[in-house]
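Below you'll find the structure, written out as structure tokens, and then a few comments.
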Amino acid sequence: ILSLSLQAKMSRPMQARRLEGIDKNIWVEFVKLATTYSKVNLGQGFPDFPPPDFLKESFVRALSGENHMLHQYTRAFGHPPLVKILAQFFGKLLGQDLDPMTNVMVTVGAYQALFCCFQAFVDEDDEVIIIEPFFDCYEPMVKMAGGTPVFVPLRPKAPKDGRLMSSADWQLDPAELASKFSKRTKAIVLNSPNNPLGKVFSRGELELIADLCVKHDVLCISDEVYEWLVYDGKEHIRIASLQGMWDRTVTIGSAGKTFSATGWKVGWIVGPNRLLQHLRTVHQNSVYHCATVAQEAVAQGFQRELKLYGKPESYFIQLPKELQQKRDWLVQSLDAVGMKPIVPEGTYFLVADISEFKSDVPDVPNSEEPYDSRFAKWMVKNKGLAAIPLSAFYCGAHKNNYNHFIRFCFAKEEATLKAANDILQKWKQEKTSP
Ligand code: PMP
């Protein structure tokens, strides 16, 4: 019996080759640390305030209304009321006449939209250009599809006039970007407004990327989940609206970010049918279908927003107004204690320089772990404040190039931001008192 059970034990590798090297995930580790130790969690990106009442009411109506079919399957590529309103809404923004059935697809959050894109477009040996720092899942998703990520960094330039650094001071070097395009380049991933920096790419920067895409016949996967979160009167420009780009761009959005309801996991992709037809192939052979009730509620949310578009009552006007104030509070808190903030032009994230706090968390020479990662772990364990190390948003080879920054999320109630401020103030006092 013993020898039989030994024989029965499988000895060959269990996992498929495509999983090699992508098993670690920063969020699993840091979410666990935050749950265990944090008193104030400014780590993972989600609001701790509720979604707007009109959206919650739409969900309740969908759930308990007369139409019990909302509890059943709906159309695989998107609940008809949702794809119809998304086609209308984004058609207007992109200057395109969109067919709801072929130009829009609903996904399980923007995360699954990204997964569909890489699976549908990336072949073995294809290269995909990723701008650093980047939302970390792009890299493993490209690898899982058999492709090779090629990284190009945003390069910071310290402002000379003594003002705080802005996310706009992080820019692509045009020659460096151009040098990354080759015959093997299949796609570039653009994320504007960018997580983690909050950078909102300017028209000039987008034109630079667009020209290279056209010149090298490359696709653009444009992750625009923070499209409404732009501050100081800045404009979010959709790369698909630039000349020559509609045909080669898929634009990704998220109801989680748009309506402050990340748990609903409703996302979408808008683009030409020529591209979307392949996304439908991945979707129908993997997820197939997203939760109907949530799609119905998001459709109603967009119907309201279409009516109020550009008006002061619009959530897409009110949310950024509130978040800009929260950004300013956090900027002030951090600046006051010497944790230098990089003022974000968009998103609900803010990256801060921890150099002045290095004496509290000494570096370990030759440690494999980037300094900012050790710092963020120390901070949550010792100060109860959770944040995410910036190195998590760089590829393995570049993790140590930008390892003295941490990212905070400021989509939080006033009380949460105040509690963070109290922790920082106390910490600063302990540092300065003998
Ligand atoms: N893209 C970016 C840049 C993000 O920050 C996130 C969420 N943190 C996503 C995509 C995923 O969005 P969702 O929650 O809709 O899946």
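Nothing here was measured: the structure is a model prediction, and the numbers come from that model. We count ligands from 1, going down the list as the structure has it; atoms in each ligand are counted the same way.
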Exercise. For K358, does the NZ atom sit with more than 12 other heavy atoms under 6.0 Å from it, leaving out its own atoms?
Worked result: yes
Exercise. Quick one: does K257 get a heavy atom under 4.0 Å from ligand 1?
Worked result: yes
For this session: Could you see which bit of Y111 sits under 4.0 Å from ligand 1, with heavy atoms only: side chain, backbone, both or neither?
Result: both
For this session: Work out whether the distance between some heavy atom of A110 and some atom of ligand 1 is less than 4.0 Å.
Result: yes
Exercise. Which protein heavy atom lies closest to atom 3 (C) of ligand 1, and at what distance to 0.1 Å?
Worked result: D223 OD2, 3.3 Å
For this session: Answer yes or no: does atom CD of E313 have more than 12 heavy-atom neighbours from other residues, nucleotides or ligands under 6.0 Å?
Result: yes
Seminar exercise, completed: Out of W264, F135, Y138, the nearest non-hydrogen contact to atom 9 (C) of ligand 1 is supplied by F135
Problem set entry | Over 12 foreign heavy atoms within 6.0 Å of NZ, K56 | yes
For this session: Taking the six-membered ring of F393 (Phe, Tyr or Trp), confirm whether the NZ or CZ of K399 is under 6.0 Å from its centre and within 45° of its axis.
Result: no
For this session: State if Y226 counts as touching ligand 1 under the rule of any non-hydrogen atom under 4.0 Å.
Result: yes
For this session: Please say whether N191 places an N or O atom under 3.5 Å from an N or O atom belonging to ligand 1.
Result: no
For this session: Indicate the ring-plane relationship of F375 and W427, choosing parallel, tilted or perpendicular according to the 30° and 60° boundaries.
Result: parallel
Exercise. What residue and atom, counting heavy atoms only, is the protein's closest point to atom 14 (O) of ligand 1, and at what distance?
Worked result: K265 NZ, 3.7 Å
Seminar exercise, completed: Note: ligand 1 atoms sitting under 4.0 Å from heavy atoms of S254 are 13 (P), 15 (O)
For this session: Give, for atom CE of M101 and atom CZ of R75, the distance between the pair rounded to the nearest 0.5 Å.
Result: 4.5 Å
For this session: Give me the one residue out of L208, I209, I239 that meets side chain to side chain contact (heavy atoms under 4.5 Å, CB included) with F201.
Result: I209
Exercise. For T262, is the nearest heavy atom under 4.0 Å from an atom of ligand 1?
Worked result: no
